[in-house]
Amino acid sequence: MRLNGIIRALESGPGIAFTSFVQAEIENAVNFGQSSNDGLVFELEHNPWDITALRNAMQFLLQREQIVKMGSLANPMTPMVRIPASGSEMNQWFAKQALDLGAYGIVWPRISNSAEAYNAVAACRYPRLPSRDHYEPGGLRGDAPMAAARYWGLSQQEYYKRADVWPLVPEGEILVALMIEDVQGVNNIETMLKEVEGIGVLLIGEGDLTQELGCPRDYENPELLRHMAHVLEVGKAFNVPVGHPHMTKQNAQSIIDQGFRFLMSYPRRDFSALEAGRNALKAKEQ
């Protein structure tokens, strides 16, 4: 059975996965782990890289009752991690540490060209000889699977078989999501998809794009929408899911109709009961 719930959602039915960015905190893991998302992305790009906090949050994300009810080793809430390093840094160790804890995928910030995309995919793969199937992108991940195998509920040998990138390896359980956050990345998107296999999701970074375009966080800016439409068009042509980072009540239907498939909503706690109580108190005082 598919362990990665985000990949499961992308492979089945309408092929749409729902996710949210959350900070790597125990309270967030407990609260938002009970949402109807297919997975969560622990946000460690704009928060401190705290590997202990990430490990604790991932443990508290586990819902043993739901695992038993599903009759599967798979936790119903799949953890991914957005790492700090931008693509131009050609970093590998952030991804290695997150994967070694048992993360099911990595969100890579600001990928702008094929070399950066290659490094991102390669960092999520174990090395293999060139004579083996699916050699490229050649793996760069170091070997320390103990904690990850335990988190996935597999033996180390079983983990090796499934710890590869999807969809390059169909049975792979690791999802590589590349954030397209600058005009260079937008312009290079077709080349990246032609030259680099193993890219699982293209996630548009509206915030950084609007900064470069001179319209900070103006999400209705025509130039921004033109760039987003281009990424979406190319993603569809290559059958690579394209992600939208700001799904809201207002735009949910529209972005689904447009064809976005990796949908991220802002995780808000529900204070409706508190507000109802305050309104009831005001009514009583009048």
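As a basis for the values below, the full set of heavy atoms in this structure was taken, side chains included, without hydrogen atoms, waters or symmetry mates. We count residues from 1, following the sequence as given.
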Contact check, side chains of [X] and [Y], non-hydrogen atoms, under 4.5 Å:
| X | Y | answer |
| --- | --- | --- |
| Arg82 | Met179 | yes |
| Val41 | Met264 | yes |
| Val81 | Leu54 | yes |
| Arg55 | Thr52 | yes |
| Ser114 | Asn188 | no |
| Leu178 | Val201 | no |
| Asp38 | Arg8 | no |
| Arg110 | Asp208 | yes |

Glu233 with Lys236: basic N within carboxylate O range, under 4.0 Å
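Looking at Lys236 together with Glu233, the answer is no, because their closest N to O distance does not fall below 4.0 Å.
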Should the pair Lys69-Glu65 be classified as a salt bridge under the 4.0 Å nitrogen-to-oxygen rule?
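The answer is yes: the pair qualifies as a salt bridge.
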Where does the angle between the aromatic ring planes of Tyr104 and Trp152 fall among parallel (under 30°), tilted (30 to 60°) and perpendicular (over 60°)?
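Ring orientation, 0 to 90° scale: parallel.
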Proximity of His246 and Tyr266 rings by center, below 6.0 Å
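No; Tyr266 has its ring centre 6.0 Å or more from that of His246.
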Using every non-hydrogen atom in the two residues, find where [X] and [Y] come nearest and quote the distance to one decimal.
| X | Y | answer |
| --- | --- | --- |
| Ile67 | Pro76 | CG1-CD, 4.0 Å |
| Trp49 | Ala98 | CH2-CB, 4.3 Å |
| Met77 | Gly33 | CE-O, 3.5 Å |
| Met192 | Ile199 | O-CD1, 4.1 Å |
| Ala117 | Ile111 | N-CG2, 3.7 Å |
| Ala123 | Arg141 | O-CB, 3.5 Å |

Any donor-acceptor N or O pair under 3.5 Å, side chains [X], [Y]:
| X | Y | result |
| --- | --- | --- |
| Asn37 | Thr19 | no |
| Ser254 | Gln258 | yes |
| Gln253 | Asp257 | yes |
| Asn75 | Gln63 | no |
| Trp108 | Glu116 | no |
| Glu136 | Tyr118 | yes |

Any chance you could lay out the salt bridge (Lys or Arg N to Asp or Glu O under 4.0 Å) test for Lys161 and Glu158, step after step, and finish with the verdict?
CA-CA 5 Å; Lys161 293 176 182 178; Glu158 290 171 332; over 6 Å; no
Pairs in or reaching into residues 10-27: which pass salt bridge (Lys or Arg N to Asp or Glu O under 4.0 Å), with residues at least two apart or in two chains?
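Only Arg2-Glu11, Glu27-Arg269 qualify under salt bridge (Lys or Arg N to Asp or Glu O under 4.0 Å).
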Is the positively charged end of Arg128 above the ring of Tyr135, judged by distance under 6.0 angstrom from the centroid and angle within 45° of the axis?
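The answer is no; the distance or angle limit is not met.
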I'd like to know whether CZ of Phe60 has more than 12 heavy-atom contacts from other residues, nucleotides or ligands below 6.0 angstrom.
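No, because the 6.0 Å sphere around CZ of Phe60 holds 12 heavy atoms or fewer from other groups.
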So for atom CD, which belongs to Glu197, do other residues, nucleotides or ligands contribute more than 12 heavy atoms lying within a distance under 6.0 Å?
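No, CD of Glu197 has 12 or fewer neighbouring heavy atoms, counting only those of other groups under 6.0 Å.
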Single-linkage hydrophobic cluster Ile6~Val169, side-chain heavy atoms < 4.5 angstrom:
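Ile6 does not cluster with Val169.
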Does Cys215 offer a backbone N or O that forms a donor-acceptor pair with the side chain of Asn221 under 3.5 Å?
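No, the answer is negative, given that no donor and acceptor are paired below the 3.5 Å cut-off.
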Applying side-chain contact (heavy atoms from CB on, under 4.5 Å) to Tyr151 and Leu62, what does each step give before you reach the verdict?
CA-CA 9 Å; Tyr151 191 81; Leu62 294 172; 3.8 Å; yes
